[in-house]
Amino acid sequence: MYENTFPNKRFKHTLAFLKKHVIQSETILDLGVENPFSKIMKEAGFTVTNTDGEDLDENQIHLQTTTAEVVTAFEIFEHLLNPYTILKEIKTNKILISIPLRLWFAPAYRSKTDLWDRHYHEFEDWQLDWLLEKTGWKIIAKEQFTHPVKKMGFRPLLRLFTPRYYLVCAVRDEKFNKF
């Protein structure tokens with residue numbers, strides 16, 4: 001299914017986390033356009049729709065009108081200027097998020113050719129936890145994992161031991177639930 005794709009460790013880890021926390025009968029709104037991982041979710045038996053590529057910082061109509069039971073935000077929050085607004089506008093009661101963690105030995109990712117493919121945020125785990133709490137979400141599961149690269153050098157060596165990705169499953173905290 002995804003054995004020969006570049007981010008296969010990340011995909012395997014994320015799919016295992018998804019299977020632990022989402023029942024296949026639950027419908028999913030995946031933030032962002034259809035991508036390799038949304039296709040993997042569909043191949044694994046999940047019902048997934050994606051947003052249409054709109055700028056989610058400016059347009060949250062999909063978040064406000066979705067009938068999906070779960071929202072997934074895999075590798076997208078780092079590209080948004082205002083994740084706070086997105087988290088407040090989500091109308092489902094469950095969200096799964098993955099983000100790249102800020103690494104002290106590597107700068108934030110910035111594409112020199114694609115103006116949209118940049119990381120405005122590379123969080124530390126406590127920052128995402130706090131953002132979720134502040135927007136009315138309660139974390140029920142979280143984990144971190146490494147993602148080594150096949151290169152030689154000091155930074156690639158550090159990537160063997162330093163967690164690069166953070167996965168979170170959160171549910172609406174009822175004291176903040178306003179709908």
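What you see is a predicted model; the values in this text were computed from it and never measured.
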Could you state the interatomic distance from CD (E26) to CG (L18), rounded to the nearest 0.5 Å?
9.5 Å
Could you tell me which residues satisfy salt bridge (charged side-chain N to carboxylate O under 4.0 Å, His left out) with E54, sequence neighbours excluded, listed by chain and number?
none
Any side-chain heavy atom of L56 within less than 4.5 Å of one from I76?
yes
Residues in side-chain hydrogen bond (donor to acceptor under 3.5 Å, both in side chains) with T47, at least two apart?
none
Starting at CZ of R10, measure out to CZ of F145 and round the result to the nearest 0.5 Å.
7.5 Å
Partners passing salt bridge (charged side-chain N to carboxylate O under 4.0 Å, His left out) against K142 (at least two apart in sequence or in another chain):
D129
Side chains of T66 and T92: does their closest heavy-atom pair fall under 4.5 Å?
yes
Just verifying a value: how many Å separate I90 CD1 and H62 NE2, rounded to the nearest 0.5 Å?
13.5 Å
Shortest non-hydrogen contact from F123 toward L128
CD2-N, 4.1 Å
Measure the spacing between CG of N50 and CD1 of I28 and express it to the nearest 0.5 Å.
10.0 Å
If you link I, L, V, M, F, W and Y whenever their side-chain heavy atoms are under 4.5 Å apart, who else ends up in the same group as V171?
I140
I61, I95: one ILVMFWY side-chain cluster at the under-4.5 Å cut-off?
no
Side chains of H13 and E143: closer than 4.5 Å at any heavy-atom pair?
yes
Check whether any side-chain heavy atom of L63 sits under 4.5 Å from a side-chain heavy atom of L31, and report yes or no.
yes
Does some side-chain heavy atom of W137 sit less than 4.5 Å from a side-chain heavy atom of L131?
no
Taking the side chain as every heavy atom from C-beta outward, state whether F37 and I40 have any pair of such atoms under 4.5 Å apart.
yes
What distance separates D125 CG from Y165 OH, expressed to the nearest 0.5 Å?
15.5 Å
Within a strict 4.5 Å, meaning less than it, do heavy atoms of the L132 and I97 side chains meet?
yes
E34: salt bridge (charged side-chain N to carboxylate O under 4.0 Å, His left out) partners, not counting sequence neighbours:
K42
How close do R172 and T135 get, heavy atom to heavy atom, and via which atoms?
NH1-O, 3.6 Å
Are any non-hydrogen side-chain atoms of L96 and L167 less than 4.5 angstrom apart?
no
Residues forming a side-chain hydrogen bond (donor to acceptor under 3.5 Å, both in side chains) with T85, sequence neighbours excluded:
N82
CD of E124 to CD1 of I99: how many Å apart, nearest 0.5 Å?
10.0 Å
Judged by modelled atom types alone, do E75 and S98 share a side-chain donor-acceptor pair under 3.5 Å?
yes
